[in-house]
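Shown next, in C-alpha cells, is the structure this report addresses.
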2 protein chains.
Amino acid sequence: MELYHLRTFVTVAEEGHLTRASERLFTSQPAVSAHIKALEEELGVALFDRTPRGMQLTPAGTQLLASARQTLAAASALQQQARGLQDQLIGTVRIGLNTDARFLRLIALQSAVAEAHPQVALEFLAGNTGANLPALRAGKLDATFISGEMDDPAIRSWILCEEELAVAAPAAWRARLETPDVPTLADQPWVFTTEDCSHYGVMRALFQSHCCTPRKTVLANQEDALAAMVEGGIGLGIMRRDVVEAAQREGRLHLVPMQLPSVSLRMACLAQRVADPLVQAVLSELGALWGLDLALRQRASA
Amino acid sequence: MELYHLRTFVTVAEEGHLTRASERLFTSQPAVSAHIKALEEELGVALFDRTPRGMQLTPAGTQLLASARQTLAAASALQQQARGLQDQLIGTVRIGLNTDARFLRLIALQSAVAEAHPQVALEFLAGNTGANLPALRAGKLDATFISGEMDDPAIRSWILCEEELAVAAPAAWRARLETPDVPTLADQPWVFTTEDCSHYGVMRALFQSHCCTPRKTVLANQEDALAAMVEGGIGLGIMRRDVVEAAQREGRLHLVPMQLPSVSLRMACLAQRVADPLVQAVLSELGALWGLDLALRQRASA
DNA sequence: GCGGGCCATCGGAATTCCTGATGGCGCCTC
DNA sequence: GAGGCGCCATCAGGAATTCCGATGGCCCGC
C-alpha cells in the first residue's frame, strides 16, 4: 500500500465514479481501477460495491476512508513541515488560471514571487473555474483563480475583485440590439460556456428571472474561443465588461446596453494547504499586488 | 513521496548507516541511497549529513522524523483496522524461527490457525534470534520466536517456556570430561554461535564468572550445523538439554554433567502490531497450545 | 432489442525501481 | 606518506511495476 493508492481511494469515494476520479487524478480509468483492486486485495476488504451507476462505498470502505484521509493528512503535514524547514523556500506552485494573464496581473505576481523567493517556481496552468476546482481538489493545482461563489468548506478563497460582466454582440448586430429586452435577447443565438463557469450562472439567472430560455447555438469553454465566436457573428455571449468595451472601441464587438451582476474573482486553495509555506508565499505576494490582506484568516464571506 | 520512502527514512535514521538499513529493509544499499536522495529532493530539505562514519540526521531531519513516524503509524493503523473489518481474517503471518519445528510445536500451531482462520497463511522463516529481531523491526517478520532476555520497549514478548541448556561434547570425549571444572572446559575447543544468540550469552557468562575464555575453534549460526560439528568431534557446544539427552541415548553425543542457567523461549512482535488481528490470531492459538494467556497484556516481566 | 454508461481485463509500452559493479572521499593504521 | 578499509554516490542494465488504449461484459433505460 502506498500513498497513491490512498489518494485514489479517497478520490473514488468522493466521486463515486471511476472515470470522474481518473480525471481528477489526471490518470486513466484502468489505472484507477487497478489501484482500487490492489488496495482491496492488500487490505483484504471490499472497499466499494460495483454498481451500474458507479462505485458505492461499502460499510468497511466508509470506516477506512477516515483512516485513509488521516494518513494522507499526516503525509501532507510532513511535506508542509519540510517546507517550513527549508533554508530557502524551494518548490513549485501550480496556479490555475481562468482568464487572461494581464487581468490576473500574472507578470507582476511572477516578479514579486521571484524576488521574494528565488527558488520558488510558478506554473500558470490554463483552465477555467469548472476544471480548476476539481484539479485543486485532486492536488494537481496548489492554488487557482476562480470566479463566482464558493461555499465548499474544504476550500479557502479570497475575493480579489468584482468582475463586471456585459453582454457582447457581433458588431453587425448593433442596430437590432440598441435597447433590447430580455425575451428579445433570449431569442437570439448564444454562445454558451460550460455550466460550471460563473458566466453561465449569471446568464441563466438573467433569463430565469424573465421565464425564458436562450437559444444555445454553440458551446465554448475558453474565453478566447467565445470572444472569437461572438466577433465572428455566431451569437451573443457574456464576457468581462472591460474586454467588451475595449473591443467595442476597436469596432470588433457591440456592448449590449444591459446591466449584469458582477462575479467575484477569487484566489482559492485547499483549506488544509493554507498553512503550506509555498501557498503562503503566493498568497502573500498576491495580497500585496491586489492591496489585500490574504493569509491565515477566516474564509472570506461568500 | 510514498510510504516506502518514509520507511527507508526512518530506518536509516535509526541505523545511521545505509548498508545496515538496507539489510533491515531487505533491499540493496544503492536502493536505500536513492530513496533518501529522492525524498530529500522532493522535500527540499537535507535530512542527513553524510560522514565517513555514516549518516547523521540534520536538525531538519530530526524534526521530520517524528512526522514520518506518524505517517507510517497512520498507515499501519489503517491496515490493522482493515483486518478488523474483514469478514474472515485474511492475510499472511510471517513467523521467524530460532530452533527446530518440533520443539516450537509448529505443526500444531499451523493446524490450530488453519482451523480457526482458514484464510490466514503462516510462513515459517528459518532464522535465529540475532537475525529475527532486526527483521521484526524492519517489518519483514510479523512475529518471531526468540530466546533470551528482551528489554526493547518497541517489542512485546511472551515467555512460552524456559529452555534448559546443556554442554554437549563429542561422544569420544566422554572419558576426559567426567566431572570437568570450568577452566578445564575452557581449555577445550568450542563451537561458537554468533554473539546475538542467547546460547552465546550463557556460554560467555559461564566463563566470565570463572575468569577464563574458551577457545573458539569454529562458528556456526545454525543449530543443526552446530550439532553436526560437535558430533563430528570439532569441539564443545551449548545446546538444548533435551536434544543432547536424546543424542546421548543414541550414542552420538556426550552430555557434560554441568548445570547451566536456562533461557526463556519467547514469542515476540512489535508493540504497535499487538492489536493487529493477524498477530492476535497467532498469539491466541499459540497461547492455547502452550497453556498460556497471550494477548493484549502488559509485557511479560523480563 | 438496442444503445449507452460503467467497471474489469488484456496486451503492449513506458516508467520506475533494484542490483551488481565501481568510483570518490575520508579516516585509520602501518 | 602510502595503502587499505569503510561508507556513500553513481552508472548501466535488468526486473518489476504502472499506465494506457482498446475492448468486453453487465446492467439499465428507452
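Only this structure's heavy atoms are used, side chains among them; waters, hydrogens and symmetry mates stay out. Just so it is clear: chains get the letters A, B, ... in the order the sequence lines come, proteins before strands, and each one is counted from 1.
Residues A/H35 and A/L25 fail the side-chain proximity criterion, which asks for heavy atoms closer than 4.5 Å.
For the segment residues 34-45 of chain B, the set of residues with a heavy atom within less than 4.0 Å of an atom of DNA chain D comprises B/K37, in numerical order.
Among the nucleotides C/dG26, D/dC7, C/dT19, the one closest to any side-chain atom of B/H17 is D/dC7. For B/P30, the side-chain atoms get nearest to C/dG20 when compared with the rest of C/dT9, D/dC20, C/dG20. Proximity note for B/L18 (side chain, C-beta onward) versus C/dC7, D/dC8, C/dC17: the nearest is D/dC8.
Inspection of the A/Q81 and B/S67 side chains reveals an N or O donor paired with an N or O acceptor under 3.5 Å.
In this structure, CE of A/M1 is placed 18 Å from C1' of D/dT18, rounded to the nearest angstrom. At whole-Å resolution of the value, CD in B/Q56 and P in C/dC27 are 13 Å apart. Whole-Å rounding puts the A/R20 CZ to C/dC6 P distance at 7 Å. The distance between atom CE of A/M55 and atom C1' of D/dC26, rounded to the nearest whole Å, is 15 Å. The distance from atom CG of A/L3 to atom C1' of D/dT18 is 16 Å, rounded to the nearest whole Å. Atom CZ in A/F26 sits roughly 19 Å away from atom C1' in D/dT18 (whole-Å rounding). Nucleotide C/dT16 holds its P atom 11 Å from the NE2 atom of B/H5, rounded to whole Å. As rounded to whole Å, 12 Å separates atom P of D/dA9 from atom CG of B/L47.
Within the nucleic acid shown, A/Y4 comes within 4.0 Å of sugar-phosphate atoms alone, with no base atom in reach, counting heavy atoms only.
Side chain of B/T58 to main chain of B/L47: a donor-acceptor pair is present (N/O by atom type, distance under 3.5 Å, no hydrogens or angles). Using a distance-only test at 3.5 Å, with no hydrogens or angles considered, a donor-acceptor pair links the side chain of B/E40 to the main chain of B/F48. Checked by atom type and distance alone, the side chain of B/Q86 pairs as donor or acceptor with a backbone atom of A/L43 at under 3.5 Å. Judged by distance alone, with hydrogens and angles left aside, the side-chain atoms of A/E123 form no donor-acceptor pair with the main-chain N or O of A/I95 at under 3.5 Å.
Contact annotation: B/R50 side-chain N/O to D/dA9 OP1/OP2 distance is under 4.0 Å. When the side-chain nitrogen and oxygen atoms of A/T27 are compared with OP1 and OP2 of D/dC20, one or more of them lie within a distance under 4.0 Å. The side chain of A/S28 places no N or O atom within less than 4.0 Å of a non-bridging phosphate oxygen (OP1 or OP2) of D/dC19.
A donor and an acceptor atom sit less than 3.5 Å apart, one in the side chain of B/Q29 and one in the base of D/dA9.
Residue A/E15 holds its CD atom at 9.5 Å from OG of A/S22, rounded to the nearest 0.5 Å.
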